[in-house]
Protein chains: 2
Amino acid sequence: MPDTVPSPGGVPALDRIVGAAERLFAGRGFDGVAISDVARQAGVCKANVFHHFATKQALYDAVLTRSCEALGEEIERHLSAEADPALQVPHFLVWYHDYLCAHPATARLVFREVTGNPDLAESGPVLPVLSRLFDNVVAHVRAARDAGVFRADADPTVVASLMLGVTLFNSQTARLRPHMPSWRGISDETYVDRLTDVLMRGVRAVDANAVSGIRNDTT
Amino acid sequence: MPDTVPSPGGVPALDRIVGAAERLFAGRGFDGVAISDVARQAGVCKANVFHHFATKQALYDAVLTRSCEALGEEIERHLSAEADPALQVPHFLVWYHDYLCAHPATARLVFREVTGNPDLAESGPVLPVLSRLFDNVVAHVRAARDAGVFRADADPTVVASLMLGVTLFNSQTARLRPHMPSWRGISDETYVDRLTDVLMRGVRAVDANAVSGIRNDTT
DNA sequence: GCACTGACCGATCAATCGGTCAGCGCATTC
DNA sequence: GAATGCGCTGACCGATTGATCGGTCAGTGC
């Protein structure tokens, strides 16, 4: 299925437009994508895109909001499902990393919004969604700290920002690693394990055993 | 000095072009900047930009390479100047954060390159510069680890990537924090101190006293 | 005085941009 | 079977894009 050939097979045009826009915006950003590109990849006419979305910005906002809400819901579901507060963070980091790898377009879009142009974030409809997502993670970390898992002086906001930020940043710099000799021999799984190890050593209340290799237990 | 008025006062046109391009590319990215914008801000004709740089990409590469090399040299100078290996990392984190705040255009350009489009990084002249920068930091961390400051199983590559990545990511998300209620009461300095604390607790060899507040000593 | 160079400019190019518009085909409804 | 509404299209618009053009001008070496 070459990408230049329209593929209207059964899928509604609206969904094809949103799908194509998600892929293209993720890859090249708002300014780097032309509506004609979206239309071509979706197999529809350019005017049809403007039939479903009033402006290019509206299409971008719709795609972005959808990705952010999907990520927020998945995070909430996963954090709520983990019963043991001591395993919540390390298990989350592994799952979060896998999720970002499995949904590269979502990861890229959210990343671009979080670190992108000022005018996009402050007025658009996406900031409340991201804020709720972050506050949610902060609440879970605070609960784990109050349960005695983390040091009392470990700030839940800082810990949450590290959890979300480092893994997200890592997913967006992964393509650079094969080009740098220092990274030779460090796989993605190894990196996540060692990151989890450093973070947990840095925030946990007592010096228990190491947390390396959590990828292979209780899953 | 309004930005619409050309200001050729004494500064050569080439420098004004590069300066304007650095500011604009940092703020809006490659696709978001028009050569006419650069020319207007530099107070020169658009054709003059193409007289000094063959293509828009060549101008972008020149600006980017200059920023990356400047950052690399400053990092090397600062790391080499710190004699005590135990204080090298915490002092570096504070200095690095301050540097990124003081040079927002450099921070944004480097950040965009590190996390940006795949095709820009792999073929351009910037990757070797960044690779050398990173390997340099890795070497310093490895030396500190071999001196007994860090745990023997702390991977210098992972530690270096955390040092450089978290602070850089933090500088690019700082504009979002005032809009999120969880961040209320956490200043930039507080954040850097707590980040340093978590990182140092996570990697250091022995459990000594906390490393908070390093901003106010030996400077 | 002459030849030459490089910095610089106004005008202009074809291509592409986001967006508009009249109208087509088709299913539903009265 | 006429009318309505909707999804959709090709043709088109003015504006802007990166890039090129012929040409001006100050300076330099001889």
Side-chain angles (χ1 to χ4, degrees), chain A residues 3-64 109 112 116-117 119-120 123-125, chain B residues 3-64 112 116-117 119-120 123-124:
Chain A
D3 57 6
T4 56
V5 169
S7 55
V11 185
L14 176 60
D15 295 341
R16 290 189 338 251
I17 291 172
V18 173
E22 183 175 350
R23 263 176 291 139
L24 288 169
F25 280 138
R28 286 185 265 159
F30 183 82
D31 291 317
V33 173
I35 297 294
S36 53
D37 295 336
V38 177
R40 198 180 310 117
Q41 280 243 347
V44 299
C45 170
K46 188 175 75 163
N48 193 11
V49 177
F50 285 100
H51 173 72
H52 289 285
F53 299 93
T55 63
K56 183 186 181 184
Q57 186 68 50
L59 171 60
Y60 185 77
D61 287 343
V63 166
L64 193 58
L109 283 169
R112 219 192 289 273
N117 288 336
D119 47 315
L120 282 179
S123 60
Chain B
D3 57 5
T4 56
V5 169
S7 55
V11 184
L14 176 60
D15 295 341
R16 287 186 345 248
I17 291 173
V18 173
E22 182 175 351
R23 264 176 290 138
L24 288 170
F25 279 138
R28 287 185 265 159
F30 183 82
D31 291 317
V33 172
I35 296 293
S36 54
D37 295 335
V38 177
R40 198 179 311 117
Q41 279 243 349
V44 299
C45 171
K46 190 171 74 164
N48 193 12
V49 177
F50 284 101
H51 171 73
H52 290 285
F53 299 93
T55 62
K56 183 185 181 184
Q57 186 68 49
L59 171 59
Y60 185 78
D61 287 344
V63 167
L64 192 59
R112 219 193 290 272
N117 289 333
D119 48 315
L120 282 177
S123 62

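Sequence lines set the chain letters: A, B, ... in the order given, protein chains first and strands last, and positions in each chain run from 1.
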Measure across B:Ala39 and B:Val49 and return the closest heavy-atom pair with its distance rounded to 0.1 Å. CB-CG2, 3.9 Å
How many whole angstroms separate atom CZ of B:Phe50 from atom C1' of C:dG6? 19 Å
Distance (rounded to the nearest 0.5 Å) between A:Glu22 CD and A:Asp15 CG: 11.5 Å
Aromatic ring pairing B:Phe30/B:Phe25, orientation class (parallel under 30°, perpendicular over 60°, tilted between): parallel
Salt-bridge criterion met for B:Asp37 and B:Arg28 (N-O under 4.0 Å): yes
Write down the distance between CG (B:Leu59) and P (D:dA19), rounded to a whole number of angstrom. 10 Å
Separation of atom CD1 in B:Ile17 from atom C1' in D:dG18, rounded to whole Å: 15 Å
Using a 4.0 Å heavy-atom cut-off across all strands, classify A:Val33 as base, sugar-phosphate, or nothing. sugar-phosphate
Among the nucleotides D:dA19, D:dC8, C:dG18, whichever has the atom closest to the side chain of B:Thr55 is D:dA19
Can you tell me the distance, in whole Å, between the NZ atom of A:Lys56 and the P atom of C:dT16? 15 Å
Whole Å only: how far is the NE2 atom of B:His51 from the C1' atom of D:dT24? 13 Å
What's the spacing between B:Leu14 CG and B:Phe53 CZ if we round to 0.5 Å? 5.0 Å
Would you mind reading off the distance between B:Asp31 atom CG and C:dT16 atom C1', rounded to a whole angstrom? 13 Å
Please write out the pairs of protein N or O atoms and N or O atoms of nucleotides 10-16 of chain D separated by less than 3.5 Å, giving the distance to one decimal.
none

Take atom CD1 of A:Ile35 and atom P of C:dC17, then tell me their distance rounded to the nearest Å. 10 Å
Examine D:dC8: is either OP1 or OP2 under 4.0 Å from a nitrogen or oxygen in the side chain of A:His52? Give yes or no. yes
Looking at CZ of B:Arg40 and NZ of B:Lys46, how far apart are the two atoms once the value is rounded to the nearest 0.5 Å? 10.0 Å
